[in-house]
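Reading through the structure tokens given below for one structure.
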Amino acid sequence: MTGRTVSIREGERLARSIAVGPHILTADEPEPISTDTGPTPGELLLAALGSCTSMTVRAYADRHGWQLQQVDVDLQFGTRAQIVKNIRLVGDLEPAQAERLLEVADRCPVHRLLIGDVSVVTVPTVLTASHQLQDHALPR
């Protein structure tokens, strides 16, 4: 995982501008809630998981010199808080190699983060109407 800060800024309606280093992305909600100028936050989460999965499988196959021509990952939200991840491996792979790559796919950093014991710490900074900055320290 990278140490870069991800910054989110408001746009029109529910659209959000996402800055990651030099990269700018957009998140939004579809109509009629907003204007559908980008993927939803949930879709961005699926994109992060799919990208990480694909990169992890590719790096592992390359490191072992396996004949993986292509790895494709399709994701969607299923029922009951499930993410359904379909992985397609194309190449001249032995059955044991394909099985190992599918095991590795479930060990990408984003996958492990999603299924692990994750905590999110919210650090509020409130700017009041009179522009007084109130900073709250992290809990100790």
Side-chain angles (χ1 to χ4, degrees):
M1 300 270 184
T2 112
R4 295 195 287 196
T5 298
V6 175
S7 299
I8 314 299
R9 299 295 178 259
E10 281 194 304
E12 184 179 332
R13 294 181 71 182
L14 294 179
R16 297 297 178 262
S17 176
I18 304 163
V20 185
H23 310 288
I24 304 296
L25 307 162
T26 299
D28 201 357
E29 291 288 338
E31 294 180 347
I33 297 169
S34 194
T35 55
D36 201 15
T37 59
T40 67
E43 292 164 342
L44 290 170
L45 176 69
L46 294 180
L49 176 57
S51 299
C52 186
T53 298
S54 177
M55 290 175 183
T56 300
V57 168
R58 167 57 61 201
Y60 191 90
D62 288 354
R63 186 169 48 250
H64 288 84
W66 294 351
Q67 298 302 309
L68 177 64
Q69 294 172 344
Q70 188 167 336
V71 55
D72 295 323
V73 182
D74 295 312
L75 301 101
Q76 63 186 47
F77 287 107
T79 58
R80 299 182 189 168
Q82 282 186 328
I83 294 174
V84 178
K85 180 169 66 170
N86 294 294
I87 302 171
R88 183 174 51 253
L89 303 174
V90 179
D92 189 16
L93 299 168
E94 298 291 329
Q97 291 173 330
E99 184 179 328
R100 180 66 182 140
L101 290 175
L102 293 173
E103 290 171 1
V104 166
D106 287 345
R107 293 197 189 120
C108 83
V110 173
H111 187 116
R112 290 185 304 176
L113 182 69
L114 289 172
I115 66 168
D117 187 18
V118 177
S119 66
V120 177
V121 177
T122 301
V123 180
T125 301
V126 179
L127 186 61
T128 64
S130 63
H131 302 293
Q132 291 177 330
L133 191 61
Q134 298 177 12
D135 226 348
H136 298 281
L138 280 173
R140 295 187 191 265

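Here the structure is a predicted model, which means the values were calculated and not measured.
- Looking at P109 and L113, their side chains never come closer than 4.5 Å, going by heavy atoms from C-beta outward.
- Test V73, D106, L75 against T53 for side chain to side chain contact (heavy atoms under 4.5 Å, CB included) and you get one pass: V73.
- Its side chain within the 4.5 Å cluster rule, L14 clusters with I33 among the Ile, Leu, Val, Met, Phe, Trp and Tyr residues.
- Residues L44 and I18 are in side-chain contact: their nearest non-hydrogen atoms beyond the backbone lie under 4.5 Å apart.
- Results of the side chain to side chain contact (heavy atoms under 4.5 Å, CB included) test with S17 over I24, T37, L25 single out I24 as the only residue that passes.
- The list of ring-ring contact (aromatic ring centres under 6.0 Å, His included) pairs with a residue in residues 22-63, not counting sequence neighbours, reads Y60-H64, Y60-W66.
- Residues passing the side-chain contact (heavy atoms from CB on, under 4.5 Å) test with E103, sequence neighbours excluded: E99, R100.
- Contacts of S34 classified as side chain to side chain donor-acceptor pair (under 3.5 Å), with partners at least two apart in sequence or in another chain: D28.
- Within the structure, the salt bridge (Lys or Arg N to Asp or Glu O under 4.0 Å) test picks out the following pairs touching residues 5-15 (sequence neighbours left out): E10-R16.
- Atom CD of Q70 is separated from atom CG of L89 by 10.5 Å, given to the nearest 0.5 angstrom.
- Scored by the side chain to side chain donor-acceptor pair (under 3.5 Å) test, E94 finds no partners at all (sequence neighbours excluded).
- For the side-chain contact (heavy atoms from CB on, under 4.5 Å) test, residues two or more places apart in sequence or in another chain that qualify with P41 are E29.
- In this structure, the side-chain contact (heavy atoms from CB on, under 4.5 Å) partners of L114, at least two apart in sequence or on a different chain, are L45, L49, I83, V110.
- Residues meeting the salt bridge (Lys or Arg N to Asp or Glu O under 4.0 Å) test with D62, sequence neighbours left out: R58.
- Residue pairs meeting the side chain to side chain donor-acceptor pair (under 3.5 Å) criterion with at least one member in residues 108-119, sequence neighbours excluded, are K85-H111.
- Without hydrogens or angle criteria, S54 side chain to G50 main chain gives no donor-acceptor distance under 3.5 Å.
- Not a single side chain to side chain donor-acceptor pair (under 3.5 Å) links D74 to another residue, sequence neighbours left out.
- R88 meets the salt bridge (Lys or Arg N to Asp or Glu O under 4.0 Å) test with D72; sequence neighbours excluded.
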